[in-house]
Amino acid sequence: MAERRRPMPRGPHPGGMSTEKAKNLKGALKQVLQYSGNYKYVFLVVVIFAAAATVFQVIGPKVMGRATTELANGLMAKIEGTGGINFDTILHILLLTLLLYVISSVCSFIQGWLMTNVTQKLVYNLRRDISEKINRMPMKYFESRPYGEVLSRITNDVDTLGQSLNMSITQIITSFATIIGVIVMMLSISPLLTGIALLTIPVSVLLLAVVIKSSQKYFTQQQRYLGVVNGQVEESFAGHTIIKAFNHEAASEEEFNEANNVLYESAWKSQFISGTMRPVMMFVGNLGYVGVAVFGGLQAIRGVIGIGDIQAFIQYVKNLTNPLMQIAQVMNQVQSMGAAAERVFEFLGEEEEQVFEENLDLEGFEGEVRFNHVKFGYKPGETIIHDFSADIKPGQKIAIVGPTGAGKTTIVKLLMRFYDVEGGSITLSGRDIRHINRHELRENVSMVLQDTWLFSGTIMENIRYGRPDATDEEVIAAAKAAHVHHFIKTLPGGYNMVLNEEGTNISAGQKQLLTIARAILANRTLLILDEATSSVDTRTEEQIQNAMDNLMAGRTSFIIAHRLSTIRNADLILVMNHGDIIEQGTHDELLAAGGFYEELYNSQFDETEEAS
């Protein structure tokens, strides 16, 4: 299926998603074992209890066979008039059998409880490590993959890994222990019948290998396309308004159906092929029953073995067939677990943000920023920022303008260390930001983006996100400074009104005002406004500009703007094109120069005139 094109966040970056298969099942299982190393002693205890449960379980049929032999001998003696049935002996044998099965059940319960506890801890640890990993991963990872595909690794793949691990390890231990125990007990009854029964094992193993090899690729494809489908569902749900606005429902359904069909085909093929294991194994097992019945009957007639031994042996043949079928079924789970494990550990093994050993602090930082011959590209060999240099003094208001794709937002991303420069440096009061802890760096920056983000919670909680320890009075003061207080008071519940997950129960402009209030509350040394007033009307924009002028007093501010009328009072305007600064100066100086800035400004003025 052709890979569909997905909408991505702003800025140039690689697109698409990972479509690699889980090609190394053995390597994936090795990673699971290594990750589970802290629980090796618990696994040892699980093995001991599983073996004990199996031992007591497999002894049962032979002991029960003694009761059958005692009953048959008693009946023959009664018929011949030489004796009768010894019910006391039979009762003792039955009680002993019951005790064996009770002990076996207790051991099975303990090993099951231990195994469930361990697997849930592993799942907990995986989710914790993934959560921590997300915070260490570079921005480019999330800008190059659909959110749903990433979420699928955290949810579906971890769940599959945990469930399969719990069931498969317990089943494998029990099955192998049962096979060994059953063979030993069978040999103790009749080596000849054991040999006949064991003839079916090579046939079973050969058939299992064929089925497993045939189904592996479908299990891998099923797990991968589950992530694709999740990604499409998440994308369609988040963008349902745009889909409806552009009448894209049919195309969206077609794209989903393509991925869903691949998922369906791989799912039913994997399940169908794996489902053939049980009937095939039952057929092979029945062949063993026939051989045991024929030759066992002949040996019983000759008096070589007792009737109870034949009964026990037939039970053992069944007990030998069942674990083989269970192993076959477990191999399906192991395949799913391997595919899921590879995707999970692939995520945990992704490149992390580079961390320097030296972590300079920002104590005494007053807002001095210097870009020194900065060079950067999202892809190797594709440079976006060629040679960007600028000296910003503390408290200056810097506007960055230019056409779409000039590199304006990229400069902000570099300043925030969402990406690191490839050449040159960015310094804060003489300290290279690559040697400053990212957390401490961002503690000194407030940021308002064009794409607003609000979480499901009250308006008070969303504004307080900028400074969690702020009082209610400080939150309200920030809202007033952002000219959003009056609007909030008109809402049902006021500051306690709960916003939905997408924030669709208020307008885009109102959401922008709330994010500005959040930045005002944070009250940090650097302020970044990336088209912060793009979603508000002209009157509100003027109010925000006045509030921002007061807020930016004494603080270094970076303003990315397309509407040049909003940055006329900037201390310095940097005009960018194709990743370089082509002009710089104040608004009046750049207009007087009659260059690229004047063309941009006049073109917007002309557009405004035409629109009016």
K.L.:
So, for L348 and K133, which heavy atoms are closest and what is the spacing to 0.1 Å?
P.N.:
O-NZ, 2.9 Å

K.L.:
Checking side chain to side chain donor-acceptor pair (under 3.5 Å) for the pair T410/Y378: CA distance, chi angles, key distance, verdict?
P.N.:
CA-CA 9 Å; T410 300; Y378 288 98; 3.0 Å; yes

K.L.:
Aromatic contact between F109 and F49, with the criterion being ring centroids under 6.0 Å apart: yes or no?
P.N.:
no

K.L.:
Would you compute the distance between atom OG of S36 and atom CZ of F43 and round it to the nearest 0.5 angstrom?
P.N.:
4.5 Å

K.L.:
Provide the closest heavy-atom pair for L161 versus A340 in the form atom of the first, atom of the second, distance.
P.N.:
N-CB, 4.2 Å

K.L.:
Do Y141 and F347 have ring centres separated by under 6.0 Å?
P.N.:
yes

K.L.:
Report the distance from atom CD1 of I411 to atom CD1 of I384, rounding to the nearest 0.5 Å.
P.N.:
11.0 Å

K.L.:
Any heavy-atom pair between the side chains of V448 and Q512 that's under 4.5 Å?
P.N.:
yes

K.L.:
Taking CZ in F418 as the centre, count heavy atoms belonging to other residues, nucleotides or ligands within less than 6.0 Å. Is the count above 12?
P.N.:
yes

K.L.:
If you look at every heavy atom in L454 and R518, which pair is closest and at what distance?
P.N.:
CD2-NH2, 3.2 Å

K.L.:
Of the non-hydrogen atoms in A470 and V475, which two are nearest, and what is the gap between them?
P.N.:
CB-CG2, 4.3 Å

K.L.:
Any side-chain to backbone donor/acceptor pair from N261 onto N257? Under 3.5 Å, distance only.
P.N.:
yes

K.L.:
Once you round to the nearest 0.5 Å, how far does CG of L521 lie from CD1 of I516?
P.N.:
14.0 Å

K.L.:
Please confirm whether the backbone N or O of R417 pairs with a side-chain atom of R442, one donor and one acceptor, at under 3.5 Å?
P.N.:
yes

K.L.:
Stepwise, does the side chain to side chain contact (heavy atoms under 4.5 Å, CB included) test hold for D530 with I560?
P.N.:
CA-CA 5 Å; D530 187 355; I560 297 176; 3.6 Å; yes

K.L.:
Can Q222 and S266 be counted as having a side-chain donor-acceptor contact under 3.5 angstrom?
P.N.:
no

K.L.:
Using the side chain to side chain contact (heavy atoms under 4.5 Å, CB included) rule, take M416 and L441 through it: C-alpha gap first, then chi angles, then the decisive distance, then the call.
P.N.:
CA-CA 7 Å; M416 291 290 290; L441 170 66; 5.8 Å; no

K.L.:
I need the minimum non-hydrogen distance between A519 and L527, along with the two atoms involved.
P.N.:
CB-CD1, 4.3 Å

K.L.:
When rounded to the nearest 0.5 angstrom, what distance separates CG in L428 from CD1 in I426?
P.N.:
8.5 Å

K.L.:
Side chain of N117, backbone of W113: donor and acceptor closer than 3.5 Å?
P.N.:
no

K.L.:
Are L526 and N444 close enough, and set up right, to give a side chain to side chain contact (heavy atoms under 4.5 Å, CB included), and what steps lead you there?
P.N.:
CA-CA 6 Å; L526 287 182; N444 287 270; 5.7 Å; no

K.L.:
For side chain to side chain contact (heavy atoms under 4.5 Å, CB included), just list the numbers for Y218 and W268, CA-CA rounded to whole Å, side-chain angles, deciding distance to a tenth of an Å, and then say yes or no.
P.N.:
CA-CA 9 Å; Y218 296 115; W268 87 259; over 6 Å; no

K.L.:
Any carboxylate oxygen within less than 4.0 angstrom of a Lys/Arg side-chain nitrogen, looking at D159 and R127?
P.N.:
yes

K.L.:
Can you establish whether the number of heavy atoms outside F176 located under 6.0 Å from its atom CZ is more than 12?
P.N.:
no

K.L.:
Contact between F558 and L529 at the side-chain level, heavy atoms closer than 4.5 Å - yes or no?
P.N.:
no

K.L.:
Can you confirm if the aromatic rings of F56 and Y101 lie within a centre distance of less than 6.0 Å?
P.N.:
no

K.L.:
Once you round to the nearest 0.5 Å, how far does CG of D420 lie from CG of D432?
P.N.:
8.5 Å

K.L.:
Is there a side-chain contact between D469 and R467, using heavy atoms and a 4.5 Å cut-off?
P.N.:
yes

K.L.:
Does any non-hydrogen side-chain atom of V421 lie less than 4.5 Å from one of V374?
P.N.:
yes

K.L.:
Given E461, which of I463, T458, I459 fulfils the side chain to side chain contact (heavy atoms under 4.5 Å, CB included) condition?
P.N.:
T458

K.L.:
Check whether any side-chain heavy atom of V233 lies under 4.5 Å from a side-chain heavy atom of F256, and answer yes or no.
P.N.:
yes

K.L.:
Just by distance, do the side chain of R524 and the backbone of V445 share a donor-acceptor pair under 3.5 Å?
P.N.:
yes

K.L.:
Nearest 0.5 Å, what's the CD-CD1 distance between E132 and I134?
P.N.:
10.5 Å

K.L.:
Heavy-atom distance under 4.5 Å between the side chains of L499 and F455, does that happen here?
P.N.:
no

K.L.:
What pair of heavy atoms forms the shortest contact from T174 to Q111, and how long is it?
P.N.:
OG1-NE2, 4.3 Å

K.L.:
Pair N125, Y39 - check side chain to side chain donor-acceptor pair (under 3.5 Å), show working.
P.N.:
CA-CA 12 Å; N125 291 340; Y39 302 100; 3.0 Å; yes

